[in-house]
Amino acid sequence: MATFAKFHVDAHPDAAREVLHTTLAQQGYRYTWENPQHGLAEKGSKVKAMLLGAFAMHYQYALRLDANPDGSHTVALALNNTGVSGGALGITKVRTQLDELYGVLRQAYTAAGTLRNSEVG
């Protein structure tokens, strides 16, 4: 089960971010950026997750967009919450969801023709 997902893409930062935004929105996520490099993707309700545990999940992933020296970019998602409010099942769901996002984003960047390689771990 994943704690991070990285995508090395040959794309302008705006194009890399657009694929990320479109894909996350299709999966029901809302996202915010605190600056051009760091953001947050969320799905579900933190309050409901605290009250109902694994029955009402809250997924939250840190987003990062970094430039590489060769002009390519790295798009990364990482756990921003552990899912511990949902117990062992919640932890598993948060990590499994990241695995699923990895697959969907890998497919989206491949379809855009910009994916060099990707990594999940």
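Because the structure is predicted, anything quoted here is derived from the model rather than measured.
- The minimum heavy-atom distance linking Gln97 with Tyr59 is given by the pair CB-CE2, 3.5 Å.
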Full working for side chain to side chain contact (heavy atoms under 4.5 Å, CB included) between Leu20 and Tyr109: CA-CA 8 Å; Leu20 180 65; Tyr109 282 116; 3.6 Å; yes
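- Using a distance-only test at 3.5 Å, with no hydrogens or angles considered, a donor-acceptor pair links the side chain of Lys43 to the main chain of Gln27.
- A single hydrophobic cluster is seen to contain both Val120 and Tyr61, as judged by linkage of ILVMFWY side chains at heavy-atom distances under 4.5 Å, directly or through other members.
- Here the straight-line distance linking atom CG of Asp10 with atom OG1 of Thr114 works out to 7.5 Å at 0.5 Å rounding.
- Rounded to the nearest 0.5 angstrom, Glu42 CD and Arg30 CZ are separated by 5.0 Å.
- Annotation: ring-ring contact (aromatic ring centres under 6.0 Å, His included) contacts of Tyr31 (sequence neighbours excluded): His21.
- Residues that satisfy the side chain to side chain contact (heavy atoms under 4.5 Å, CB included) test with Pro13, not counting sequence neighbours, are Leu65, His73.
- Remark: Gln37 engages Asn35 in a side chain to side chain contact (heavy atoms under 4.5 Å, CB included) (not counting sequence neighbours).
- Applying the side chain to side chain donor-acceptor pair (under 3.5 Å) test to Asn117 and every residue at least two apart in sequence or in another chain returns nothing.
- In this structure, Arg64 CZ and His38 NE2 are separated by 3.5 Å, a value rounded to the nearest 0.5 Å.
- The side chain to side chain donor-acceptor pair (under 3.5 Å) check on His8 picks up Asn68, Ser72, Arg116, with sequence neighbours excluded.
- Contact between Ala62 and Asn80 at its shortest, heavy atoms only, is N-CB, 3.7 Å.
- Between the side chain of Arg17 and the backbone N or O of Pro36, at least one donor-acceptor pair lies under 3.5 Å.
- For Ala41 against Leu24, the heavy-atom pair with the smallest separation is CB-CD1, 3.9 Å.
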Review item, side-chain donor-acceptor pairs of residues 98-106, under 3.5 Å, at least two apart:
| from | atom 1 | to | atom 2 | distance (Å) |
| --- | --- | --- | --- | --- |
| Asp99 | OD1 | Ala2 | N | 3.2 |
| Tyr102 | OH | Ser118 | OG | 2.7 |
| Arg106 | NH1 | Ser118 | OG | 2.7 |

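- Leu77 is listed as a side-chain neighbour of Leu63, based on a closest heavy-atom distance under 4.5 Å.
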Verdict with supporting geometry, Gln26 and Thr22, side chain to side chain contact (heavy atoms under 4.5 Å, CB included): CA-CA 6 Å; Gln26 289 171 346; Thr22 301; 3.7 Å; yes
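- Looking at every heavy atom in both residues, Ala11 comes nearest to Ala16 through CB-N, 4.1 Å.
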